[in-house]
Trainee: 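For reference, the structure I am asking about is given below.
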Amino acid sequence: MNFRIYILFTILVMLWCVGIVVAPALKQINNETAQGLYSFYSKVCHQQGEHSFHLGNEKFGVCMRCTSIYFGFCLSLLLMPLFGALKRNKITDKKFLTIILMPMLIDIVLNFLNISSSTVETRILSGLLFGLASPWFILPLIISAISKIIENKNLKELGVTNYVRET
């Protein structure tokens with residue numbers, strides 16, 4: 001079951017990443033779908049042109065930092081089975097997530113306070129670091145949640161339900 005959930009989740013993440021690059025490709029050929037993709041991704045990213053990678057003259061669906069997060073997430077997700085992560089249903093220590101978030105938070109805060117401007121390198125590296133680490137926290141949670149939903153559905157189909165005594 002875990003492997004099927006992993007495969008489905010990985011396919012969804014890959015489609016998400018493909019859409020980021022397909023948006024500018026479609027815009028270059030004046031395809032109307034491009035605007036829909038940009039609108040879709042605008043819900044999660046500011047999409048500022050000067051902070052984005054470009055394909056030809058068109059910006060990606062999301063900025064550099066977001067692109068780095070999503071593609072790092074996808075890469076890490078693809079590598080997880082090599083490290084036996086699907087056999088362990090253990091969630092990585094939350095302290096590690098805080099440590100991984102720090103470079104990105106520091107970069108964003110320093111930029112916001114006009115102390116130091118974010119650079120292409122800091123956006124890419126901090127996003128990539130966060131993206132590479134995130135699946136180790138998220139995938140076990142998703143597998144656990146979906147497994148519980150499926151287990152509860154199977155119990156209900158067998159006629160086993162939880163009874164709560166009303167008082």
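If you read the sequence from its start, that first residue is 1, and numbering goes on from there. What you are looking at is a predicted structure, and each value in this text was computed from that prediction instead of being measured.
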Trainee: Can you tell me how far CG of Leu139 sits from CG of Asn2, rounded to the nearest 0.5 angstrom?
Mentor: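 Answer rounded to 0.5 Å: 8.5 Å.
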
Trainee: Which atoms form the tightest heavy-atom contact between Ile100 and Ala133, and what is the distance?
Mentor: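 What the structure gives for the nearest pair is CG2-CB, 3.5 Å.
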
Trainee: Has His54 got a side-chain atom pairing as donor or acceptor with Gly56's backbone, closer than 3.5 angstrom?
Mentor: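 It does not hold such a pair.
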
Trainee: Side chains of Arg123 and Ser68: do they bring a donor and an acceptor to under 3.5 Å?
Mentor: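 No, because no side-chain N or O of Arg123 sits under 3.5 Å from a partner of the opposite role on Ser68.
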
Trainee: Could you check whether any side-chain N or O of Ser144 sits under 3.5 Å from a backbone N or O of Pro140, counting only pairs where one atom can act as donor and the other as acceptor?
Mentor: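 Side chain of Ser144 to backbone of Pro140, a donor-acceptor pair under 3.5 Å: no, none is there.
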
Trainee: Is a donor on one side and an acceptor on the other found under 3.5 Å between the side chain of Thr122 and the backbone of Ser118?
Mentor: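 No, because the side chain of Thr122 does not come within donor-acceptor range (under 3.5 Å) of the backbone of Ser118.
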
Trainee: Is it the case that more than 12 heavy atoms not belonging to Glu32 sit under 6.0 Å from its CD atom?
Mentor: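 It does not: Glu32 CD has 12 such atoms or fewer within range.
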
Trainee: Return the minimal non-hydrogen interatomic distance between Pro24 and Lys59, and the atom names on each side.
Mentor: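 For Pro24 versus Lys59, the nearest heavy atoms are CB-O, 3.3 Å.
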
Trainee: Looking only at atom types and distance, does a side-chain atom of Tyr41 sit under 3.5 Å from a main-chain N or O of Trp16, one as donor and one as acceptor?
Mentor: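 Side chain of Tyr41 to backbone of Trp16: a pair is present.
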
Trainee: For Ile143, does its backbone N or O pair with a side-chain atom of Tyr6 as donor and acceptor, under 3.5 Å?
Mentor: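 No: the side chain of Tyr6 does not pair with the backbone of Ile143.
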
Trainee: Is the shortest side-chain heavy-atom distance between Leu77 and Phe73 below 4.5 Å?
Mentor: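 When only atoms from C-beta onward are counted, Phe73 and Leu77 do touch, with a gap below 4.5 Å.
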
Trainee: Between the main-chain N or O of Gly49 and the side-chain N or O of His51, is there a donor-acceptor pair closer than 3.5 Å?
Mentor: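 Side chain of His51 to backbone of Gly49, a donor-acceptor pair under 3.5 Å: no, none is there.
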
Trainee: Closest approach of Cys45 and Cys66, non-hydrogen atoms and distance?
Mentor: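 Shortest heavy-atom separation between Cys45 and Cys66 comes out as SG-SG, 3.7 Å.
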
Trainee: Ignoring hydrogens and geometry, is there a side-chain-to-backbone donor-acceptor pair from Glu58 to Ala25 under 3.5 Å?
Mentor: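 Such a contact is absent between Glu58 side chain and Ala25 backbone.
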
